[in-house]
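Below, chain A is the first sequence line, B the second, and so on; all start at residue 1.
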Protein chains: 2
Amino acid sequence: MSSPAVSSRDLPHPALDEIRLEGVLHALSDPMRLRIVRELAGAPGDLSCSHFDLPVTKSTTTHHFRVLRESGVIRQVYRGTAKMNGLRRDELDELFPGLMGALLAAAARQAARLDD
Amino acid sequence: MSSPAVSSRDLPHPALDEIRLEGVLHALSDPMRLRIVRELAGAPGDLSCSHFDLPVTKSTTTHHFRVLRESGVIRQVYRGTAKMNGLRRDELDELFPGLMGALLAAAARQAARLDD
DNA sequence: CGACTCGTACGATAGGCATCGTAGTACGGC
DNA sequence: GCCGTACTACGATGCCTATCGTACGAGTCG
C-alpha cells in the first residue's frame, strides 16, 4: 500500500560505467533477446515478463531477461508479482550515442526483409 | 591452371542477403574480433593477417578471422602467401545503414573511456 | 487461510566456442 | 629443388550458455 519505494525485492543493475559494449552486443546477438528488445523499444511503457509469448519455457525466458539486465540493456523492477521491463534507452544513448537507434533500425530492416 | 584472376584459392563469403544481424553482433561481441575490426576500419587499405599483433596464438587468430568472414563482416582474399583482410563496409552500409558507423563510434568511445 | 499467478532457483544436458599445440599445405625466392 | 614464411587443419580441453523440468517463494484475491 502507501507507496514503498517500489516493492520489496531489488535487482542488481550495472552502473553506466560498468556497461561494456561487448556485453551489449553479446546480449543482442541472441534471436530471442533481440526480439524482446525490439518489442520493448516499440512499446510505450514497461512490459511485464509474462506479456511476451516466446517459444521457450518460462525458466529460459527468465534467463534471457537476466542476461539483458546484467549486460545493461534493460531495467527490471518488481511490481507486485509482476516484473516490469524497460529499455535503458536514455542511459545507453548517453553512453553510446546513436548505437541503439542504429541497432533497432537494422533489426527492423532485417525483419522486414525476411517477412516479405 | 585455368586462370583465376587473383590467385588460386578462393574463400567462401556470405552474400548480402545471407548476412544476419545476430551473426554480425555475435562476431563483434568478442574483444579480440572487435579489436581487429577497429584496426581494419582505421586502415586505408586491406591488411594481412600477420599485420595484427594479438595476444593469442596464430591458430586462434585464424579462427577469429574466419568467424568475421563467415558472419559477413570482412572480406578475405589470398595474395601470394598472405591473406588480405578488409571490412565489407560498403555492403554492410547498404544492408544496415548507419550500423557500422555507430558500432565503430561506440567502440572508439569505450576505448577512450577505458584509456583515461 | 487457501488457491492461483508470476517469476526464481537449481540441477541436468547438450552444444558451442575460445584457446592451445602440432603437423601440414601453399606460395615465393634463392 | 629447397627453404622460409604465411596461414590452415585437426584434435583436445575447459568454459560458457541455451534449453528444459521440477520444486519453490512472493504477492494477490476470494
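Put simply, CD1 on B:I36 is 12 Å from P on D:dC7, counting in whole angstrom units. Nucleotide D:dC7 holds its P atom 11 Å from the CG atom of B:L47, rounded to whole Å. Taking atom CZ of B:F52 as the reference point, atom C1' of D:dC7 lies 14 Å away to the nearest angstrom. Taking atom OH of residue A:Y78 and atom C1' of nucleotide C:dC6, one finds them 9 Å apart after rounding to whole Å. Going from atom CZ of B:R79 over to atom C1' of D:dC7 covers 17 Å, rounded to whole Å.
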Is there any protein nitrogen or oxygen under 3.5 Å from a nitrogen or oxygen in nucleotides 17-20 of chain C, and what are the pairs?
residue : atom : partner : partner atom : Å
C:dA18  : OP1  : B:R33   : NH2          : 3.4
C:dA18  : OP2  : B:R33   : NH1          : 3.0
C:dA18  : OP2  : B:H63   : NE2          : 2.8
C:dT19  : OP2  : B:H64   : NE2          : 2.2
C:dC20  : OP2  : B:T57   : N            : 2.7
C:dC20  : OP2  : B:T57   : OG1          : 3.1
C:dC20  : OP2  : B:T60   : OG1          : 2.9

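Take A:D46 and apply the side-chain hydrogen bond (donor to acceptor under 3.5 Å, both in side chains) test, not counting sequence neighbours, and it matches A:R75. Applying the salt bridge (Lys or Arg N to Asp or Glu O under 4.0 Å) test to A:R109 and every residue at least two apart in sequence or in another chain returns nothing.
Using a distance-only test at 3.5 Å, with no hydrogens or angles considered, no donor-acceptor pair links the side chain of B:N85 to the main chain of B:Q76.
The only member of B:M32, B:R33, B:K58 that meets side-chain contact (heavy atoms from CB on, under 4.5 Å) when paired with B:H63 is B:R33.
Between A:R66 and the phosphate of C:dA9, there is a side-chain N or O to OP1/OP2 separation shorter than 4.0 Å.
Residue contacts shown for A:S50 are limited to sugar-phosphate atoms, with no base heavy atom under 4.0 Å away.
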